Amino acid sequence: MSNYHIKHLEEYYQVYRKSVNHPEAFWEEIAEEHFLWRKKWDKVLTWDFSKPEVQWFEGAKLNITENCIDRHLLTRGDKTALIFEPNNPSEGSQHITYKSLHERVCRFANVLKEKGINKGDRVCIYLPMIPELAVSVLACARIGAIHSVVFAGFSATALATRINDADCKMVITSDGSYRGAKTIDLKGIVDEALENCDCVTTVLVAKRIHTDINMKGGRDHWLQPLLDDAYHDFPPEIMDAEDPLFILYTSGSTGKPKGMVHTTAGYMVYTAYTFKNVFQYTEKDVFWCSADVGWITGHSYILYGPLANGATSVLFEGVPNYPDFSRFWEIVEKHKVSQFYTAPTAIRALAKEGVAYTQKHDLSSLKVLGTVGEPINEEAWHWYDDNIGKNQAPIVDTWFQTENGGIMITPIPYVTPTKPTYATLPFIGIQPCLMDEEGKEIVGNQVSGRLCVKFPWPSIARTIWGDHKRYKETYFTAFENKYFTGDGALRDEVGYYRITGRVDDVIIVSGHNLGTAPIEDAINEHPAVAESAVVGFPHDIKGNALYGYVILKDTGESRDQENVRKEINQIITEQIGPIAKLDKIQFTNGLPKTRSGKIMRRILRKIAHKDTNNLGDISTLLNPEVVQSIIKNAL
Ligand code: 7RM
């Protein structure tokens with residue numbers, strides 16, 4: 001039996017028990033047998049959730065890029081590490097081998113050093129999904145600088161806040177970016193942000209869209225000439241296991257974004273191990289995660305997890321609807337993608353366009369489908385299963401958070417029987433529990449509560465950059481000695497978990513706790529509905545009543561809206577019960593979404609509460625314009 005690669009359900013249970021009963025022995029064995037260490041650890045784990053403090057593999061020395069690149073050179077030097085698929089398909093894809101990735105990362109590392117970046121310095125990376133993004137992330141890791149990738153769809157204000165919070169010395173960006181048929185002036189956004197950032201002394205600029213841009217003398221440098229002149233080798237900086245690897249910002253429900261700090265060894269071990277098992281990756285597979293590297297999913301499952309396994313990973317610059325809605329499936333066919341990993345919001349958007357786009361392409365290479373980021377509704381789950389996987393490729397509904405580093409609750413494909421809308425079982429080493437409002441653990445099955453984790457796993461974030469107190473308050477105060485996720489979940493009769501959404505999405509109607517996910521699920525079953533969001537609003541008798549925002553499918557025919565309202569409530573009554581019926585249903589053309597595809601229910605709640613004077617920070621919205629139209633038509 002190999003603990004590294006789980007292939008049967010009995011094996012899962014056996015390895016799981018070992019990981020829980022003897023966590024140190026278990027992770028020590030995984031770390032020892034599958035990674036390259038310059039020095040082994042003195043102690044596997046030190047932890048105390050009351051401080052909170054967590055250290056894994058203390059005393060060990062390593063460099064993560066040596067594990068992700070150098071150690072593959074002998075056996076996989078000519079294997080493709082990254083397939084770059086550009087925004088415009090006619091530009092043609094690029095295959096970057098492990099050998100060439102090594103050389104590019106080393107050259108970039110030399111450029112960083114030459115520009116005065118040293119171990120522990122923070123570097124902000126604000127780039128589109130182009131090879132330079134992967135290379136700059138890895139170059140930072142190679143020299144021991146802490147990367148802070150900011151999604152290149154964020155505004156100048158959001159960027160400046162993040163640069164200042166981490167006190168970055170350098171920004172790496174490009175002249176611009178492509179997004180479908182549009183171009184975006186990235187360098188202009190950086191210039192605007194830097195008017196308010198005194199910490200940045202150097203800006204490196206990659207050429208992507210070849211437009212004329214402003215280069216500030218002394219501060220801004222074109223990247224390519226520097227790389228051309230740099231030496232092709234660079235010895236990796238030897239890091240401590242607990243040296244920070246990166247900061248990644250995640251928005252809080254209030255206040256400024258939280259810079260989650262991830263460290264080196266534990267993050268490497270956990271992302272590599274989850275990647276191998278959750279996607280059942282084997283040597284000849286081509287893996288594609290469609291997330292942006294600006295999110296934790298991209299960090300862990302486009303770059304570090306796949307590369308640590310010597311895998312081939314697709315880096316896609318574009319969007320699902322350019323040149324048309326078949327783009328994803330064209331890419332699957334072209335690169336014979338074996339594992340495809342995307343978000344429910346993308347699945348729903350594609351499902352809305354019908355199946356003709358999926359039928360134009362040969363999808364038979366697909367062995368595993370993944371989803372992440374939000375609860376996936378039942379209809380979208382089946383659409384994905386029927387039309388993309390052709391009922392032959394298991395769906396892994398993977399739950400995790402920026403704070404977690406890697407996948408926490410998930411089926412293992414071909415091992416765990418799946419169940420629509422359920423993330424199913426804890427991954428190896430993860431000890432979830434459900435808590436009630438009084439702080440008591442809820443044991444047994446067929447129960448629901450607040451999702452916590454009892455024991456540290458190797459890739460848990462260690463702190464919030466510059467604010468350990470906030471880290472403790474946010475995650476370790478609500479429930480003593482437990483990590484609190486902020487999510488609600490239920491556990492079914494066999495112990496499978498279903499994530500029902502953020503706890504602040506729980507609405508109490510006449511004393512009944514209702515999660516938004518199952519209600520939205522029911523609404524979306526209506527054949528005319530494309531997408532929906534449910535929030536609560538104050539009600540004299542029930543305490544709260546339900547307000548649904550519903551997007552109808554664009555079928556060209558006009559509909560009797562009153563009738564659709566009735567039918568929606570009928571479906572809800574059948575699936576959940578009359579308690580969950582909606583008092584108000586507003587039809588809309590769009591829902592406010594974050595740039596990673598999560599519905600911003602906070603704004604919808606304010607509209608339902610008729611409290612629209614102060615909507616708070618909407619600077620990270622993908623589509624701020626829909627907010628006004630929703631307000632105008634509010635019920
Ligand atoms: C990976 C990522 C984290 C929040 C989390 C949940 C929600 C993520 C799922 C999910 C239901 C899933 N990190 N979430 N995955 N909800 N099922 N499979 O998205 O930090 O950006 O967001 O996303 O609410 O707390 S994140």
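In listed order, ligands and their atoms are each counted from 1. Predicted, not measured: the structure shown is a model, and the values here were computed from it. Scope of the values below: all heavy atoms of this structure, side chains included, with no hydrogens, waters or symmetry mates.
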Participant: Quick test: of every protein heavy atom, which one is nearest to atom 2 (C) of ligand 1, and how far off is it to 0.1 Å?
Facilitator: Phe400 O, 3.5 Å

Participant: Check for me whether the distance between the ring centres of His299 and Tyr304 falls short of 6.0 Å.
Facilitator: no

Participant: Can you tell me if Lys390 uses its side chain to pair, donor with acceptor, with the backbone of Asp385 under 3.5 Å?
Facilitator: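 Side chain of Lys390 to backbone of Asp385, a donor-acceptor pair under 3.5 Å: no, none is there.
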
Participant: Salt-bridged, Asp397 to Arg498, with N to O below 4.0 Å?
Facilitator: no

Participant: Kindly state whether the ring of Phe455 and the ring of Trp457 have centres lying under 6.0 angstrom apart.
Facilitator: no

Participant: Is the Phe246-His262 ring centre distance short of 6.0 angstrom?
Facilitator: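 Yes: the rings meet the under 6.0 Å criterion.
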
Participant: For atom 19 (O) of ligand 1, what is the closest protein heavy atom, and at what distance to 0.1 Å?
Facilitator: Lys598 NZ, 2.9 Å

Participant: With heavy atoms of Asp397 as the reference, note each atom of ligand 1 found under 4.0 Å away.
Facilitator: 12 (C), 17 (N), 18 (N)

Participant: Check whether the ring centres of Tyr549 and Tyr547 lie less than 6.0 Å apart, and answer yes or no.
Facilitator: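 Yes - the distance between ring centres of Tyr549 and Tyr547 falls below the 6.0 Å cut-off.
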
Participant: What residue and atom, counting heavy atoms only, is the protein's closest point to atom 24 (O) of ligand 1, and at what distance?
Facilitator: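 Result: Asp487 OD1, 2.7 Å.
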
Participant: List the closest protein heavy-atom neighbour of atom 17 (N) of ligand 1: residue, atom name, distance to the nearest 0.1 Å.
Facilitator: Glu374 O, 3.3 Å

Participant: Considering Gly298, Pro375, Ala291, Gly486, which one's heavy-atom position lies nearest to atom 11 (C) of ligand 1?
Facilitator: Pro375

Participant: Which one holds for Thr402 and ligand 1: side chain close, backbone close, both close, or neither close, with close meaning a heavy atom under 4.0 Å?
Facilitator: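 Under 4.0 Å from ligand 1, Thr402 contributes backbone and side-chain atoms.
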
Participant: What atoms of ligand 1 come closer than 4.0 angstrom to any heavy atom of Val372?
Facilitator: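 Near Val372, meaning under 4.0 Å from one of its heavy atoms, ligand 1 has 1 (C).
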
Participant: What about the rings of Trp56 and Tyr267, do their centers lie closer together than 6.0 Å?
Facilitator: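 Not under 6.0 Å, so no.
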
Participant: Can the ring centroids of Phe151 and Trp295 be said to lie less than 6.0 angstrom from one another?
Facilitator: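 Here the rings of Trp295 and Phe151 have centres that are less than 6.0 Å from each other.
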
Participant: Does ligand 1 have any atom that is closer than 4.0 Å to a heavy atom of Gly373?
Facilitator: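 Checking ligand 1 against Gly373, which is what was asked, there is a heavy-atom contact under 4.0 Å.
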
Participant: Using a strict cut-off of 4.0 Å, indicate which atoms of ligand 1 neighbour a heavy atom of Arg502.
Facilitator: 24 (O), 25 (O)

Participant: Which atoms from ligand 1 have a heavy atom of Thr297 less than 4.0 Å away?
Facilitator: 1 (C)

Participant: Can you name the atoms of ligand 1, numbered from 1 with element, that are less than 4.0 Å from a heavy atom of Thr398?
Facilitator: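 So the atoms of ligand 1 that pass are 9 (C), 12 (C), 15 (N), 18 (N).
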
